[in-house]
Every structure is written in structure tokens, then in C-alpha cells.
**Q** 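Just dropping this structure here.
We name chains A, B, ... by the order of the sequence lines, and we start the count at 1 in each one.
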Protein chains: 2
Amino acid sequence: MMTREEMARLFRERGIKVTPQRLAVYEILAQTKSHPSADQIFRLLQAQNPAISLSTVYKTLDTLRSVGLISLLNVGEDSHRYDGNPDPHGHLVCTSCHRVDDLDEGLLGDVSSLLQRKSHYRLSALNLYLYGLCPDCQAKLIRKAE
Amino acid sequence: MMTREEMARLFRERGIKVTPQRLAVYEILAQTKSHPSADQIFRLLQAQNPAISLSTVYKTLDTLRSVGLISLLNVGEDSHRYDGNPDPHGHLVCTSCHRVDDLDEGLLGDVSSLLQRKSHYRLSALNLYLYGLCPDCQAKLIRKAE
DNA sequence: ATCATTGCAAATGATTTGCATTCGC
DNA sequence: GCGAATGCAAATCATTTGCAATGAT
């Protein structure tokens, strides 16, 4: 859990102004593991914060991404999702309940070092999306089958 | 290189009607490794074929995907790309010239078996996008630096 | 003959943009 | 005070959809 002061320091270090809207958006992403879309973030903010516009949410997300504080996911849906973790990492997408989990870090390390060694590209980033059933949905399916 | 007859047989096997538009779209994807977008396919078809509408291109791509003849890529651009290879496989995206190459099949096999073993999901598909400089662009950069 | 496919035009929906107002520094 | 950030409304752009005409079986 990060204080607003710590977040403000991060913003200043990267040379962007500290505004309540930016703090509010970043706070959501820093505190959740749920990889929300811009619209979901907008609705969460409306619930707590008096006023923020959807276009400011988009602009803010783009700003935070351009200074490397967050990252953007392309899960294959119509809209993007955002991630408070700016480092490239793998994601597991449940094909039944549509939740998006992070891939274990060590596991991704193994994968990326393997790929760095064997491909002819000079790699700078990696997006790995795995689709399947999450443990919860597997359990539900088993119960249904009994 | 596949004949129109062979393509027609594939369509019938999957229970979809054989139309000139479908043959033309599938022919493009079966013959190229360039992973074109719907709009690029549309323009290629306009050049050779007298008449096909963009919405038919979209509908056809969706049909071919739903019967497992092609697959859809999410490279992270604003539009989708399509791939004549229906099996999940990895892609290398050049951050300089924006070409999209296929990842060596054996390499992907290594990665996916590693992931199947170590993740808690029951995996059904996998999208792997690697971003970096393709060999050509690396060479250009080196020349420029001299 | 029947039902799916086509193609146009209009609708949709996520994201972006122009611009006047407001705010951080 | 100055330049960047905000917020509304309008614009954009890929993709989808409704529906009448056409084509495949």
C-alpha cells in the first residue's frame, strides 16, 4: 500500500505534474491486481471521487504509461486493460470468468531467457497471454459434472 | 501453394458454403506470411478481384476463424491482424519496421510445455508476442552508426 | 426453393482530439 | 503568470449490424 506522498514523489521523479486525478487513477492501479479497463477505472473513480471525466482517465493512463509507471494489456477483448506493474510480464486469462491473473515471475524469467537466446530478434519487450480455465472455474466444472 | 479446389474441399469439410469471396480471402492468407489486417486484405482484393465489400471481408474472416481455418492476432496495434495458420504460435513484432514474423515452432513448443507444467491454469491457447528489432533493422542501425 | 451470403448504409463503441477553462508550479 | 492538465462535446476509426438483393446447395 502506497501513500499519496509516495505516489506524488514518483510523479515528480518522472517529470509529470501532480494532480488529484492522476493520483486517483494511479492509486487504483497500484492497489489492485485486477487489470481494469479504462471504463472500469472511470466508474470506480465516480463512486469515490466527485468528478473526473472519462477523457481525463484516458489521457492520464496514457501519461502514466509513457513515463513507465503502468503498462497496457491486450488480452484480446475489444477494450484495453491496464496494469499497475510497468514491467513486462505474462498474463493468464480465464476463458470462462474472464479474470486476468499475473504469471509467476520466475516462470516468465525462464521463458524470456530461453527466447532471448534462441530468436534472431534483439528483444526489448514480451507479451505473453495464456488462455485457459482458472483454478476456480476448473473446480466449478468438476462440481457440475458430478 | 494450394489450389482453389483444395480450398473448396476444406470449406466443405467444415460445413461452410464455397463462395468466390471466401476463396479469395482465404487464398490471400494461405499464401502470405505477412499477417495482414482486414483493411489490407480488402485493398489487396480490390486490386485483383472486381468486387468485394469491406464488411464481407470482416464477415468472411470471422467465419474462417470460427471454423478454425485462420487465426486472429492482437499485436497491440489499433487493428487486428489475421494469420493463415490457425494453430496458436508465437510472433515476433519489429518495433522499427512493424513487420510480424512467426516464431520458430520448436521454440514455441519448448515454451508452451514449460508453461503447461508450471501454471495452475488448464491451458487451451497461448499468445506470445515478442517485440524488438528484426535482423534487417538491426543491420540498418549498425550501418547508420558507422 | 430454401437458406446462407453479400453489400450497402447506418450504427456502435472504444479511444482521440479541439479548445476554452482551470490548476500546478 | 505560464504552460500543462482538465473536461466537455464533437470527431475518428475499426468493426458490427439491419436488411433487401443475390447466390449456393
**Q** What is the separation between atom CG on A:Leu73 and atom P on C:dT15, rounded to the nearest whole Å?
**A** 12 Å
**Q** Check the pair A:Thr56 / A:Ser53 against side-chain hydrogen bond (donor to acceptor under 3.5 Å, both in side chains), numbers first and verdict last.
**A** CA-CA 5 Å; A:Thr56 297; A:Ser53 76; 3.0 Å; yes
**Q** Tell me: CG of B:Asp78 to P of C:dT17, nearest whole Å?
**A** 11 Å
**Q** Take atom CG of A:Asp39 and atom C1' of C:dG13, then tell me their distance rounded to the nearest Å.
**A** 10 Å
**Q** Within the structure, does a side-chain N or O atom of B:Thr56 lie under 4.0 Å from either OP1 or OP2 of C:dG7?
**A** yes
**Q** Determine whether A:Asp101 and A:His91 satisfy the following criterion, side-chain hydrogen bond (donor to acceptor under 3.5 Å, both in side chains), listing intermediate values before the conclusion.
**A** CA-CA 6 Å; A:Asp101 288 322; A:His91 291 96; over 6 Å; no
**Q** Send over the distance from B:Arg9 CZ to D:dT25 P, rounded to a whole Å.
**A** 15 Å
**Q** Nearest to the B:Arg22 side chain among C:dT5, C:dC25, D:dG7, which nucleotide is it?
**A** C:dT5
**Q** How long is the line joining CD of B:Glu77 and P of D:dC13, in whole Å?
**A** 16 Å
**Q** Is the shortest side-chain N/O distance from B:Tyr58 to OP1 or OP2 of D:dT15 below 4.0 Å?
**A** yes
**Q** Does a side-chain N or O of B:His80 approach OP1 or OP2 of D:dA14 to a distance below 4.0 Å, or not?
**A** no
**Q** By nearest heavy atom, map B:Ile16 and B:Leu54 onto DNA chain D; which one lands nearer the 5' end?
**A** B:Leu54
**Q** Side-chain N or O of B:Gln21 less than 4.0 angstrom from OP1 or OP2 on D:dG23?
**A** no
**Q** Can you give each donor-acceptor pair under 3.5 Å made by side-chain atoms of residues 105-114 of chain A, sequence neighbours left out, with the distance rounded to 0.1 Å?
**A**
unit_1   : atom_1 : unit_2   : atom_2 : d
A:Ser112 : OG     : A:Leu108 : O      : 3.4
A:Ser112 : OG     : A:Gly109 : O      : 3.4
A:Ser113 : OG     : A:Gly109 : O      : 3.2
A:Ser113 : OG     : A:Asp110 : O      : 3.2

**Q** So, is A:Thr19 close to the D:dT6 phosphate, meaning a side-chain N or O under 4.0 Å from OP1 or OP2?
**A** yes
**Q** Does a distance-only test, which skips hydrogens and angles, find a donor-acceptor pair under 3.5 Å between the side chain of B:Ser55 and the base of C:dC8?
**A** yes
**Q** Between C:dT6 atom P and B:Leu61 atom CG, what is the distance in whole Å?
**A** 11 Å
**Q** Looking at B:Glu5, I want to see if its CD is surrounded by more than 12 non-hydrogen atoms of other residues, nucleotides or ligands under 6.0 Å.
**A** no
**Q** Let me spell it out: for each of B:Tyr82 and B:Pro20, pick the nucleotide of DNA chain D with the closest heavy atom. Which residue's pick is nearer the 5' end?
**A** B:Tyr82
**Q** Is the A:Tyr129 ring parallel, tilted or perpendicular to the A:Tyr131 ring (thresholds 30°, 60°)?
**A** tilted
**Q** Would you mind reading off the distance between B:Asn74 atom CG and C:dA14 atom P, rounded to a whole angstrom?
**A** 15 Å
**Q** Check the phosphate of C:dA14 against A:Ser79, side-chain N and O only, distance under 4.0 Å to OP1 or OP2. Yes or no?
**A** no
**Q** Grab the CG-P distance between A:Leu23 and D:dA5 for me, whole Å please.
**A** 13 Å
